[in-house]
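See structure below.
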Protein chains: 2
Amino acid sequence: MNQEDFKVLLRDKGLKVTSQRLLVLQVMAEHPGEHLTTEEIYDMVKQTNPEIGLATIYRTVQVLVDLHLIDKINFDEDVARYELRNQNTKHHHHHAICLGCSKVISFEDDLLENLEAAVDERIGFKVMDHEVKLYGYCSECRKKMEQQ
Amino acid sequence: MNQEDFKVLLRDKGLKVTSQRLLVLQVMAEHPGEHLTTEEIYDMVKQTNPEIGLATIYRTVQVLVDLHLIDKINFDEDVARYELRNQNTKHHHHHAICLGCSKVISFEDDLLENLEAAVDERIGFKVMDHEVKLYGYCSECRKKMEQQ
DNA sequence: AGAATATTGAGAATGAGAATCATGGGTCTG
DNA sequence: CAGACCCATGATTCTCATTCTCAATATTCT
């Protein structure tokens, strides 16, 4: 998603093009694969525009989520995190969360297609998007456990 | 999970058996398949024990989650919800969330086993539990959309 | 350019959940 | 069964993420 496409997208939705919105998207685009909190985005955006307000960050990430440019993810913390969405895939990607070190590993997979087909057939539910979290132990933590 | 087993489980963990803990679990057990907020549990528990405090509900649901008797679920609201865990299965069950009417449909499925095997093989991650949310349209909302 | 209107920034307000602490209730030992 | 020990409870306060409010400003349309 380049800046010009973003401007068109905003205008199509009746939203105004502002320097704040451009800047927040740019910061997100510069950190693909990272799971950023509103506060973290705020700090990074302030390096370019120190005048920006935190409330604007909250409002802007909501706009970007609505436009499907970023995803909101919830990792059982007390803050929400946001991640740039891969525009090539129409789905969220998955997250594996280590119960040992809390590390989050992201991965793509389409093995859910048969699950989605089964749900459609069984209860008539048409899946548009999915969100999968796997809880377990990463290879490093498994090694540590074996050593003990 | 009957009450006697629960008492044994608490004592095994070095936790005390209290009337409040018994009551909260009982209320959860009387509402299988429902996704209750702390406030809703509070209201129901108060009908039997009006003296109980809200803080105790917060503390008790945390205990029940740790004991794997209930699951905490997050539906992109600003409150957490809790659901009785089916003791026959060691995993969370899945949730299909309708984008039209916000209805939540629960279902069991083990089609994730091949996904979990793939993750183990590919990145050495050992899955202990999973949480799946499908976003889409339920059969009723699909009918309404077709009629328009 | 000027009107119309959406957006912003600052600060206050909200609300879920956690922390605090004195009191009360289980549990263990003898 | 008594008394000690200490965890759990209830009431309240506190914290902190997020939302709301509103006047000032920036963007878009004509």
Side-chain angles (χ1 to χ4, degrees), chain A residues 3-4 6-27 35-67 70 72-82, chain B residues 3-4 6-27 35-67 69-82:
Chain A
Q3 193 157 298
E4 288 310 311
F6 179 43
K7 290 180 181 175
V8 171
L9 191 56
L10 284 172
R11 292 202 182 95
D12 280 355
K13 299 281 180 181
L15 300 167
K16 290 181 176 171
V17 175
T18 67
S19 63
Q20 290 89 340
R21 286 172 176 168
L22 295 173
L23 183 52
V24 170
L25 179 61
Q26 182 193 320
V27 162
H35 309 124
L36 303 172
T37 64
T38 319
E39 208 76 35
E40 288 167 349
I41 298 168
Y42 181 45
D43 288 341
M44 295 193 292
V45 165
K46 268 197 298 192
Q47 297 188 359
T48 302
N49 177 1
E51 303 302 315
I52 204 167
L54 180 55
T56 300
I57 308 295
Y58 276 97
R59 287 182 287 233
T60 305
V61 293
Q62 187 56 58
V63 168
L64 297 178
V65 167
D66 292 343
L67 295 175
I70 65 177
K72 182 177 185 175
I73 325 167
N74 198 296
F75 288 117
D76 297 328
E77 304 165 300
D78 52 355
V79 285
R81 292 184 178 271
Y82 297 87
Chain B
Q3 193 157 297
E4 288 311 311
F6 181 42
K7 290 181 181 174
V8 171
L9 191 56
L10 284 172
R11 292 203 183 96
D12 280 354
K13 300 280 180 182
L15 300 169
K16 290 183 178 171
V17 175
T18 64
S19 62
Q20 290 87 342
R21 286 174 175 165
L22 296 174
L23 182 52
V24 171
L25 179 61
Q26 183 192 321
V27 162
H35 309 123
L36 303 172
T37 64
T38 317
E39 208 75 36
E40 288 166 349
I41 298 167
Y42 183 44
D43 289 340
M44 294 193 295
V45 166
K46 269 197 298 191
Q47 297 188 359
T48 302
N49 177 0
E51 302 303 313
I52 203 166
L54 179 56
T56 299
I57 307 296
Y58 276 100
R59 288 182 286 232
T60 304
V61 293
Q62 189 55 59
V63 168
L64 296 178
V65 167
D66 292 343
L67 296 175
L69 298 178
I70 64 176
D71 288 313
K72 181 177 184 176
I73 325 166
N74 198 295
F75 288 117
D76 298 328
E77 302 166 300
D78 52 355
V79 286
R81 291 183 177 272
Y82 297 88

Look at the side chain of R21(B) and the base of dG26(C), then say whether one donor and one acceptor between them are separated by less than 3.5 Å.
-> no

Kindly say whether, by distance alone, the side chain of R11(B) makes a donor-acceptor pair under 3.5 Å with the base of dG26(C)?
-> no

So [Y] and [X], do their side chains get closer than 4.5 Å, heavy atoms only?
X	Y	value
I57(A)	E39(A)	no
V79(B)	T38(B)	no
L64(B)	Y82(B)	no
T37(B)	Y42(B)	no

Does a side-chain N or O of [X] approach OP1 or OP2 of [N] to a distance below 4.0 Å, or not?
X	N	answer
T18(B)	dG26(C)	no
T38(B)	dG17(C)	yes
Y58(A)	dT19(D)	no

For the pair made of [atom1] in [X] and [atom2] in [N], what is the distance, rounded to whole Å?
X	N	atom1	atom2	answer
L10(A)	dT28(D)	CG	P	9 Å
D78(B)	dA16(C)	CG	P	6 Å
K72(B)	dA18(C)	NZ	C1'	11 Å
L23(B)	dG25(C)	CG	P	16 Å
Q62(A)	dT18(D)	CD	P	11 Å
K7(A)	dA26(D)	NZ	P	17 Å
N49(A)	dT8(C)	CG	P	11 Å
I57(B)	dA16(C)	CD1	P	15 Å

[X] near the nucleic acid: base, sugar-phosphate alone, or nothing, with a heavy-atom cut-off under 4.0 Å?
X	answer
E51(A)	sugar-phosphate
Q20(A)	sugar-phosphate
L54(B)	nothing

Under 3.5 Å, side chain of R21(A) to main-chain N/O of K16(A), donor-acceptor pair present?
->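 Side chain of R21(A) to backbone of K16(A), a donor-acceptor pair under 3.5 Å: yes, one is there.
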
Verify side-chain contact (heavy atoms from CB on, under 4.5 Å) between M44(B) and L36(B), making sure each step is shown before the conclusion.
-> CA-CA 10 Å; M44(B) 294 193 295; L36(B) 303 172; 3.4 Å; yes

As a test of reading the structure: which of [options] is closest to the side chain of [X], going by heavy atoms?
X	options	value
A55(B)	dA8(D), dA16(C), dA11(D)	dA11(D)
K16(A)	dC7(D), dG10(D), dA6(C)	dA6(C)
R59(B)	dG17(C), dT9(D), dT7(C)	dT9(D)
A80(B)	dG17(C), dG10(D), dA8(D)	dG17(C)

Of T60(A) and V79(B), whose nearest nucleotide on DNA chain C comes first from the 5' end?
-> T60(A)

